[in-house]
Every structure is written in C-alpha cells, then in structure tokens.
> 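If you scroll down you'll find the structure; I have some questions about it.
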Amino acid sequence: MSKTILLNQSDWHFTKENPGIPTAVMGEAIALPHTWNAVDGQDGGNDYYRGTCWYTLALAKPAIPAGGKAVLQLDGAAMTAAVYLNGEKLAEHKGGYSTFRVDLTDHLKEENLLAISVDNRDNDTVYPQKADFTFYGGIYRDVTLHIVPAEHFALPANGAPALKVTPIVTDLAAKTAEVTVEAAVVGAQNVTFALEGQTLTAPVEKGTAKVVFTLNNAHLWDGVDDPFLYTVSAKLDNGEETSARFGCRKFEIDPQKGFILNGREYPLRGVSRHQDRKGAGNALTNEMMEEDISIILEMGANTIRLAHYQHAQYFYDLCDEKGLVIWAEIPYITMHMPNGRANTLTQMEELIVQNYNHPCIAVWGLSNEITAASAVNENLLENHRLLNELAHKLDPTRKTTMANVFMLETTSPILEIPDVNSYNLYFGWYLGELEQNDEFFDKYHADYPDRCIGFSEYGADANPQYQSSHPEKGDYTESYQCVYHEHIARMIAARPWLWATHVWNMFDFAADGRDEGGKHGENQKGLVTFDRKLKKDPFYLYKAYWSKEPFVHLCGSRYVDRAEDVTEIKVYSNLPEVSLYKDGQLVETRKGDKVFTFQLPITGKHSIEARSGEHSSVILVNKVDAPNPDYAMDNRKNVTNWFDGELDESCWSVKDNMAAATADPKVGPILKQISDKAAAARGDVAAAVKDNPALVAMMERAMRRMTIESMLMQAGASEEDIKQLNRVLQGISKE
C-alpha cells in the first residue's frame, strides 16, 4: 500500500555558502518550511539576500514495494530549485510557487544525501523579476516522500493530482449535474469510482480511466451562503485508493449584470492577498492561513484575488470550504521578458492542473500590470495569446482575465485577449483625484458596453500611528485611508456591473524596496497590519457594506490627543441608526447608511460611545493644546499652512499649475528630479515605470488639475522641501 512520509520535521540543514554540490550534511539545523528572508526581506533597504542556498538531508532508503516507486514532492521552493541525490542532479524546477515531483527510485542507496539548491537571484527567464513585493527564497512549503506500489495512482512531475473532476450543471432549475471524473493510473487495468452511492468501473486506456456520473437534484456549491462539497473516490484492484473534493456550481460574467452564481446576480466584492506575514516571510503554518481566512470572512468579503502567484493548496482548500470565489494567477508581472515565455506557459500549466478541482476558482489570471515597464509589442501580445489558448485548452470551463495597469489605454489590443478584464486604479492616492475612478469606469462601461470590466486593485497606504483632523493625500494617515475607501466603497456600490472588485490589500506585506510612511520595507495599503494584530478603521467600513453580522465601530481609537475644539466622530455600522454618547450622556441620534458622522465639542478627557440596539463601541479622546507630533510623519510635523510671505507673481512658485511649470525648460528638470526621488522611495516598480510614456501622458493629464504644492504633498514631500523649492522657483522668472 502507498505511504506518504512528511519530511518537514526531519533533520534538515541549511547554508548560504555555495560550496558546489554538497557531499555531506552541512550548515545549521533547521525545520521546514523555511525562508532565509524572513527578516532581511522585511526591513527595507532593498538589500535582502538573493542567491543560491542549499538544503541537505541524510535520508535512509525507505522500504519500496516490488516494482514500486519513491517520489519526492516539494510544494514550494522559491524561485528555482535543483534536486540532487548522492551528488547526482535529478531535476530542476523553475517557478517558486507551484508543486513539483522528482522520482528518486532508481537512484536510492541504503544511505543517501538529499541536497536541494534553491536560488532567488535576478535572471531573465523565471518570473517574477520586477514587482512590488519581496521575492523570498527558501523551501517554504511542505516536502513529502511518496512510496507507491507497482500499480498506483500517478504522481506526475507537474504536480497534478491523480483525479481530475469536471462538474457541469446541465440544468440549473432542476439542479442536474454531469460529473466527469478522470484518473491517471500507472500499471493498473481498471479503476472503480464511487460518488453519492453510485459506483462505476472503467478500463485504463493510455494511462487514464474515465467515467461520467449524473447527479439529480445536486446540492450546489453556493458561495459563502452554502459552500457544499462532494467527495468522489477511486480504487484500484490492489486496494490503492484516492479521492478528490469538488463542488457543483455555475459561474457566469455579464457586461451589464456583473458576476452571476448559479443563475443569480452575485457581485464579487472582496480583497487581494499576499501570502507573507511579519516575522515569518512566506513560510506559513496552516494556523496562519486559517487566521487569514477568518479575518477576511469577518469583514464579509466573498472573493479573494490570490496575488500574484500560486498560493498554498491548503489555502485553496479553505476557500472551497468557506465559499470564497477566487481569482488565481501566475507571477507574469510588471515587466515582460522576451526570454521568459516558456516559463509563463509552464507556470500557467502548473497553476491549472494543480488547482483544477477547486470549485472556488472562477478565473485564471494571465498577467498583472505587465505593461507597466514594457511596451505593448507583438512579442508581449503573442505571449498573452499563447497563455489564453493554453488556459482554455487545459480548462474550457473557466474564463481568463487580466489585471491592467492604470495607465494602459483602453484602446490597447491586449484588452481583447482575455475573456474579461479588470483595472488597477490608484486615483486619489498616487495621482489625480478620487472622482477620476468613477469617471474611468463610467467611460469604459459606456464605450465598451459588451465588455466585462472589474476593479482588480485600489488602495491607499496607512500607518495606523498617523492620524489627522484634516487628512489629505500623501499623509499616510489612517484618517485619509478612511476618506479614500469611503469614496471607493460608494462608487463600487453604485456600479453592480463591476464583475469583481478587490481591495489592495487585505494585509500589509513586505516590499523591501519601499521606504515610506514611517516604515521600512512594507507596503501599508492593507486593511490589517502585517502581523494581523490590528484592523485599521477601513476594515470596518467594508464590514458595514458586506457583512450581515450587525455591529457598530467607532473610528479614531488611535487618534486620542485632539487639538481641535470640535472634533469629527465617525462611526461605521450596517445598522440604520446610531446614537452617540459623551461621558455617558446622549449627544445625538442619527439615521444613515454605513457611515455616520458627528461634530462633537471636546474640552478634556472624554469617553465616547456609539450605540445601536445591543451593539456598541467605545473610544477615548483627550483635548490638547497642540497636535500630537507622533501622529504625523517627520516631514509633516510642521504647520500645514506653511506659506506666510508675499509671492512674486512674475516668478514661479509652488502655487502655480504643475503642467505649466513642468513645460518651462528651467523648472521642468527640477520637478523631474523631485519626482524621481519620490518614485524611488516607493520601490523598484515605481522607479522602473516612472518613464513609461503612458504614465507620463496620464501624469500630464493629472497635472492640468493640480498645483505644484498639491502634487508634491500627494507624493509625500516634506513641507521643508516644499519651502525650499518655493525659494528656488521664486528665483526663476516666467518667460
């Protein structure tokens, strides 16, 4: 009988040294999963270790049945891995996020040295290479050894499970489904399948046995409301067994109605997720993944975009069980590499064959922001056509999609390749005004009424330490993150034809090249902090929109010291009426929808409570004479209304229009230098795309609406820098 041996807790050793192929166990003792970038990949500086490291294990030969096999399985080794047994190279795998297998059978001795090299260096063939997240190195998921008899269910090198299940709902009203089950088999003549009391036997032909079950009055997998799962089993004559879970459901996407689940409109509203965590990197435990799912469900989301790569099988399993609809994608991101085409196709194949049975997955993502640092040329377009064709060949039941960078023109031919599209927009954060998000989607929907469009990324960075009574773009306050998401949430709610929307991001995550917002090495757009310990206020805004669980949340719990005489108190709730109390005394009761605001005089230390029925929330505020400097970035701790002198209007100043000033041959280079410095602080991607012609054109359009001062404040420039620039500009006459 087959046997699976988990090698995680075995006596692995790890070394960053590169001595050539190891001949003995070497380095420090560790347990898997493991990454060597758990610390240096999260501390900023863009200097985390990227190189070739070695994992070694002394491995005794297991008992193998006559004619059987011993197959090693690695669920995730980033980014390129090579497997050696007793100094002999047996396999190489290029791609850091998918499962692969290596047959050890004919190479095993009584005592063995298993050595695995793992490499996360720069190269031009394996994705990802340019992206706004840390490329952790390591064997960061499970390693198992599978011992199977001569007749067994197949363990292919591409990591696919032995069973492939295709459920098709043929009659939605009658809930009739046809379930095709295929088993990949080695050595056996017949396979017996069982499902819901039905038993079918099929012969093995060319390594595969296939049957079709009919389910009458099928119990549908119905999203978060009822994520019912079936289990189909398969058995060989020698007693070998395997099984797979699946769900019967029907996904449709309509240009006017949006996403449709089992015949009813079911707007996908949720978040994106990176798999890493503070202090652990990408070497996650099952308990960590369960916590992530629990937090997402608490907020009421019904979809997750699993960015920007294949996630752990256990996480897809959890999404199946909880009814979350998933966008799954490969790390074909930011920068097209002409030498990387084969790798995109391999990673797409592995993503699909390994995850085909998961009912939660609705779409396969071809790429993310691939035109950010690359021109839309024939090589890039052909790569996408091949990916699209491969996805449909491997899985005719699901649609393909793309996440398009905000500066991509809607007339681009790349938008015609996938079945449906989405855009990543950051108007109101990186550039422009919040209303431009509304304008973009309304124009797209009017121009292309037969196309399905979604909102694949949007967000604003927030350090929860930073608070403000007058929040503005670029201040990194939790207060502005609230303003930003309030606008976007209203915009989304008014446009049900957006087939899916995904907040960027559910959790803060590591981007070691970033140095902004008071933290090093983090992208802080998450609704929850990197360590999962703090839910930022906008988390509760989306809970008010999406969750059925009644609640009341008072914003501003971290904004304790307040210098204003009358402070704004903001409440998020999915209840229709909220009462506000100060020091136990009723102040006001307001009716509203999701967001309730109150203007409250304060004179000292106060306990503020919001109530609605049996639900309540309490914060403490303290009236102070001057703003608490800890609530602002160092470069924002000066007075906001900084300018108090006379302006020479014959010369340039920061009060002038940005577009007009940029066009001046003397002023333009100065402003470009400042812009380049701001881009560098936001990581490799921002620095790489700053000269993209499409971005330049979009910036020019945005600059027509903005002053130099407002653009620089949005970019996070310090007030002292703005003062200094103003002095320089006042010395340059307008000609």
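All values below were derived from every heavy atom in this structure, side-chain atoms included, with hydrogens, water molecules and symmetry-related copies excluded.
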> Look only at the side chain of R341 and the backbone of N379, and say whether a donor-acceptor pair between them is shorter than 3.5 Å.
yes
> In Å, rounded to the nearest 0.5 Å, how long is the span from CG of N388 to OG1 of T400?
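OG1 of T400 is found 3.5 Å from CG of N388.
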> Strictly by modelled atom types, are N523 and N505 linked by a side-chain donor-acceptor pair under 3.5 Å?
no
> Could you tell me whether a side-chain N or O of S294 sits under 3.5 Å from a main-chain N or O of E290, the two making a donor and an acceptor?
no
> Would K235 pass as a cation-pi partner of F193, given that its NZ or CZ must be under 6.0 Å from the six-membered ring centre and within 45 degrees of the axis?
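Here K235 fails the 6.0 Å and 45° test against F193.
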> Between N46 and D512, is any side-chain donor less than 3.5 angstrom from a side-chain acceptor?
no
> Given the rule in the ring-ring contact (aromatic ring centres under 6.0 Å, His included) test, do Y332 and H384 qualify, once you have shown the distances and angles that lead to the verdict?
CA-CA 10 Å; Y332 185 23; H384 281 79; 4.9 Å; yes
> Assess whether a salt bridge exists between K278 and D508, defined as any Lys/Arg side-chain N lying under 4.0 Å from an Asp/Glu carboxylate O.
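A salt bridge is absent here (no side-chain N lies under 4.0 Å from a carboxylate O).
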> What I want to check is whether the side chains of T144 and D142 have a donor and an acceptor closer together than 3.5 Å.
no
> Only one of T105, D103, D106 forms a side-chain hydrogen bond (donor to acceptor under 3.5 Å, both in side chains) with K69, so which one is it?
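Answer to the side-chain hydrogen bond (donor to acceptor under 3.5 Å, both in side chains) test with K69 among T105, D103, D106: D103.
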> Roughly how far apart are N120 CG and N37 CG, rounded to 0.5 Å?
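N120 atom CG to N37 atom CG measures 5.5 Å (nearest 0.5 Å).
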> For K94, I'd like to know if atom NZ has over 12 heavy atoms of other residues, nucleotides or ligands within 6.0 Å.
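Counting neighbours around NZ of K94, 12 or fewer heavy atoms of other residues, nucleotides or ligands fall under 6.0 Å, so no.
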> Ignoring hydrogens and geometry beyond distance, is a side-chain donor-acceptor pair present between D276 and Y136 at under 3.5 Å?
yes
> Please report the interatomic distance CG(L236) to NE2(H152), rounded to the nearest 0.5 Å.
9.5 Å
> Is there a donor-acceptor pair under 3.5 Å between the side chain of T35 and the backbone N or O of G137?
yes
> For the aromatic rings, using the six-membered ring if either is Trp, is the centroid distance between Y140 and W36 under 6.0 Å?
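Between W36 and Y140, which both carry aromatic rings, the centre distance is not below 6.0 Å.
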> Using only heavy-atom distances, determine whether the side chains of Q313 and D317 contain a donor-acceptor pair under 3.5 Å.
no
> Between W504 and F509, is the ring-ring contact (aromatic ring centres under 6.0 Å, His included) condition met? List the steps.
CA-CA 11 Å; W504 190 260; F509 59 91; 5.6 Å; yes
> State which residue, out of R532, K533, R277, fulfils the salt bridge (charged side-chain N to carboxylate O under 4.0 Å, His left out) condition with E291.
R277
> We want to know whether D320 and H358 form a side-chain donor-acceptor pair, criterion being a heavy-atom distance below 3.5 angstrom.
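Side chains of D320 and H358: pair found under 3.5 Å.
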> Looking at CZ of R305 and OG of S422, how far apart are the two atoms once the value is rounded to the nearest 0.5 Å?
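Reported value, rounded in 0.5 Å steps: 8.0 Å.
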> Do the ring planes of F133 and H274 sit parallel (below 30°), tilted (30 to 60°) or perpendicular (above 60°)?
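Correct class here is tilted.
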> Verify the distance criterion only: is there a donor paired with an acceptor across the side chains of N86 and H107 at less than 3.5 Å?
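Checked: N86/H107 side chains show no N/O donor-acceptor pair below 3.5 Å.
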> If only atom types and distance count, is the side chain of T303 paired as donor or acceptor with the main-chain N or O of I326 below 3.5 Å?
no
> Looking just at side-chain N and O atoms, do N383 and T344 make a donor-acceptor pair shorter than 3.5 Å?
yes
> Of Q275, E329, Q354, which meets side-chain hydrogen bond (donor to acceptor under 3.5 Å, both in side chains) against Q310?
Q354
> Mind checking the CG-CD1 spacing from L145 to I147? Nearest 0.5 Å is all I need.
4.0 Å
> Side chains of R273 and H311: donor-acceptor distance under 3.5 Å anywhere?
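Short answer, yes.
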> Taking C-beta and beyond as the side chain, do M506 and D292 meet within less than 4.5 Å on heavy atoms?
no
> Within the distance-only criterion (no hydrogens, no angle test), does the side chain of H34 pair as donor or acceptor with the backbone N or O of I30 below 3.5 angstrom?
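Flag not set: sc H34 to bb I30 has no pair under 3.5 Å.
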> What I want to check is whether the side chains of S2 and E240 have a donor and an acceptor closer together than 3.5 Å.
yes
> Main chain of L163, side chain of N357: is a donor-acceptor contact present, judged purely on distance under 3.5 Å?
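Yes.
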> Consider only side-chain N and O atoms of Y356 and T166, and report whether a donor and an acceptor are under 3.5 Å apart.
yes
> Say whether N424 and S456, considering side chains only, have a donor N or O and an acceptor N or O under 3.5 Å apart.
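The criterion, which ignores hydrogens and geometry beyond distance, is satisfied for S456 and N424.
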> Treating Y84 as the side-chain partner and P22 as the backbone partner, does any N or O pair qualify as donor plus acceptor under 3.5 Å?
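Looks like no, no N/O pair under 3.5 Å.
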> Would the distance check show the side chain of R245 and the main-chain N or O of L229 forming a donor-acceptor pair, the cut-off being under 3.5 Å?
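The answer is no, because no donor-acceptor pair under 3.5 Å joins these two groups.
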> So, H93 and E350: side-chain donor and acceptor under 3.5 Å apart, yes or no?
yes
> With V102 as reference, evaluate V83, I116, L85 under the side chain to side chain contact (heavy atoms under 4.5 Å, CB included) test and give the passing residue.
V83
> Have a look at L114 and tell me which of L108, L72, L90, T56 forms a side chain to side chain contact (heavy atoms under 4.5 Å, CB included) with it.
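Answer after filtering L108, L72, L90, T56: L72.
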> Donor-acceptor pair, distance only, cut-off 3.5 Å: does the side chain of N112 make one with the backbone of K109?
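Yes, the answer is positive, given that a donor and an acceptor are paired below the 3.5 Å cut-off.
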> Can you classify the ring geometry of Y97 versus Y309 as parallel (below 30°), tilted (30 to 60°) or perpendicular (above 60°)?
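Rings of Y97 and Y309: parallel, under 30°.
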> Do Q42 and D40 have side-chain N/O donor and acceptor atoms under 3.5 Å apart?
no
> For the NZ atom of K130 and the OG atom of S374, what is their distance to the nearest 0.5 Å?
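Here the interatomic distance stands at 10.5 Å.
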